[in-house]
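The analysis underlying the following values was restricted to heavy atoms, covering all of them including side chains, and did not include hydrogens, waters or symmetry mates.
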Amino acid sequence: MINILVQLFVYVFLLTGLYFLLSTAVGMIRFPDLYTRLHAGSKCLMAGGISVLMGCIVMEGIGFVSLKIIVIIILLLITNPVAIHVIARLAENYHFVPKKIAKNELDK
Amino acid sequence: MVYFILAIVLFAILTFYRVMKGPSVPDRVAAMNAIGVMFLLVLVLLSLYFDRKVFLDVALVYGVFLFVNVLIMAKYFTKPEKGEVGD
Amino acid sequence: MKLLTFILTLALWFVFAGRVNIEVFLLGTIICSIISLMLADNGPKSVQMRSATKDFLLKTYYLFLVTSAFINDVFLSAVRVSRHAFEMKPSFSPQIVKLKTSLERKSSTEILANFITLPQGTLGMDIDISNKKYHIHWLDVYSEDQAEVKKAQIRKHEKLIAKLFD
């Protein structure tokens, strides 16, 4: 009984992770602008990665392997937003004019 | 389990389209970051599938090197090349 | 403070080693004592401790609260962005807005930048250090009222971080 429940949780976590990763790929292709692509590359990617790794933790149980996976989760949570900030700072050198933008307060 | 790994590799190939086509350098860097994180997940899943604990250490060091990669690319691509136009 | 970093790095060493032995423990004490002596002078200066034990429990409680709110907000905003990705015509109104903060320390402003980027459909672009202003790019804010609501959410995170770090 408990085995079936654990298997069900593993499949639910992995399927939600696959959905977010698919939305990352589709958003990288379809979005029209650099900054909107960065939205897809930060949030959907982080949610997909966290849910896939949580599925791995539930599948493995308590032990040293799951502790290592928790360390990987903390490392992703710290480093990925910093990488996105660095890319957004890099894009300022290119003087982008975003295609359709509603309001821009930078020029004032 | 095999199908999940194949699906993540398929999504990475889909994201590689943006690396090929992307009109400027920051697009390509962001897409490479996404591909790197996807292959990190593939490494973790493979270590559970083959039951080798060594792949987890490989995944952790790979995550650290991915972050250093992005920082170095952002340091050295500061000026746009001639004839390159942003979006 | 040095003892705390020593215990944390020793726990990290055991996790990396993957087994508990006497040899691992001996090598770990040598390396972790060197690391804690080198790093405890300028590393944890960002977290102030007034009274040691009671304040420590309170800070760990706030840390747990902050991380749980963080992961919850990541999933909510990812659902929103993925809904935009699968529409037939992507309909959003991106805006670039400045926002002023009242945080004092350098480390707390950087942590607030992480909090702006991941949750709630906003993306922090840049910081003026002299004026303490963030440049924020956000996706789906259509009217002025929603902008006020979203700024109020950012203020709520700011109060949490101010309790934790200042």
Heavy-atom count around [X] [atom1] within 6.0 Å, excluding the residue itself: above 12?
X: A/M54; atom1: CE; result: no
X: B/L6; atom1: CG; result: yes
X: B/F16; atom1: CZ; result: no

Closest non-hydrogen atom pair between [X] and [Y], with its separation:
X: A/L75; Y: B/G63; result: CD2-C, 4.2 Å
X: B/A30; Y: A/M28; result: O-CE, 4.0 Å
X: A/A83; Y: B/N33; result: CB-ND2, 3.9 Å

Any side-chain heavy atom of [X] within less than 4.5 Å of one from [Y]?
X: B/R18; Y: A/R37; result: yes
X: A/V86; Y: B/K75; result: no
X: A/V52; Y: B/V44; result: no

Part of [X] lying under 4.5 Å from any heavy atom of chain B:
X: A/V10; answer: neither
X: A/L22; answer: both
X: A/M46; answer: neither
X: A/F64; answer: neither

Reported [atom1]-to-[atom2] distance for the pair [X] and [Y], which is rounded to 0.5 angstrom:
X: A/L21; Y: B/L10; atom1: CG; atom2: CG; value: 11.5 Å
X: B/L41; Y: A/L45; atom1: CG; atom2: CG; value: 7.5 Å
X: A/I69; Y: B/L56; atom1: CD1; atom2: CG; value: 5.5 Å
X: A/L15; Y: B/F4; atom1: CG; atom2: CZ; value: 5.0 Å
X: A/L90; Y: B/S24; atom1: CG; atom2: OG; value: 8.5 Å
X: B/K21; Y: A/I29; atom1: NZ; atom2: CD1; value: 10.5 Å

Structural part of [X] lying under 4.5 Å from a heavy atom of chain A:
X: B/V37; result: side chain
X: B/L14; result: both
X: B/L66; result: neither

**OP:** Evaluate the side-chain contact (heavy atoms from CB on, under 4.5 Å) criterion for residues A/T24 and B/F11: first the C-alpha distance (whole Å), next the side-chain angles of each, then the deciding distance (0.1 Å), finally the verdict.
**Re:** CA-CA 9 Å; A/T24 304; B/F11 299 153; over 6 Å; no
Original post:
Who among A/C44, A/G17, A/C56, A/G41 has the most heavy-atom pairs with chain B under 4.5 Å?
Top reply: A/C56
**OP:** Check the pair A/V65 / B/L48 against side-chain contact (heavy atoms from CB on, under 4.5 Å), numbers first and verdict last.
**Re:** CA-CA 9 Å; A/V65 176; B/L48 293 188; 4.3 Å; yes
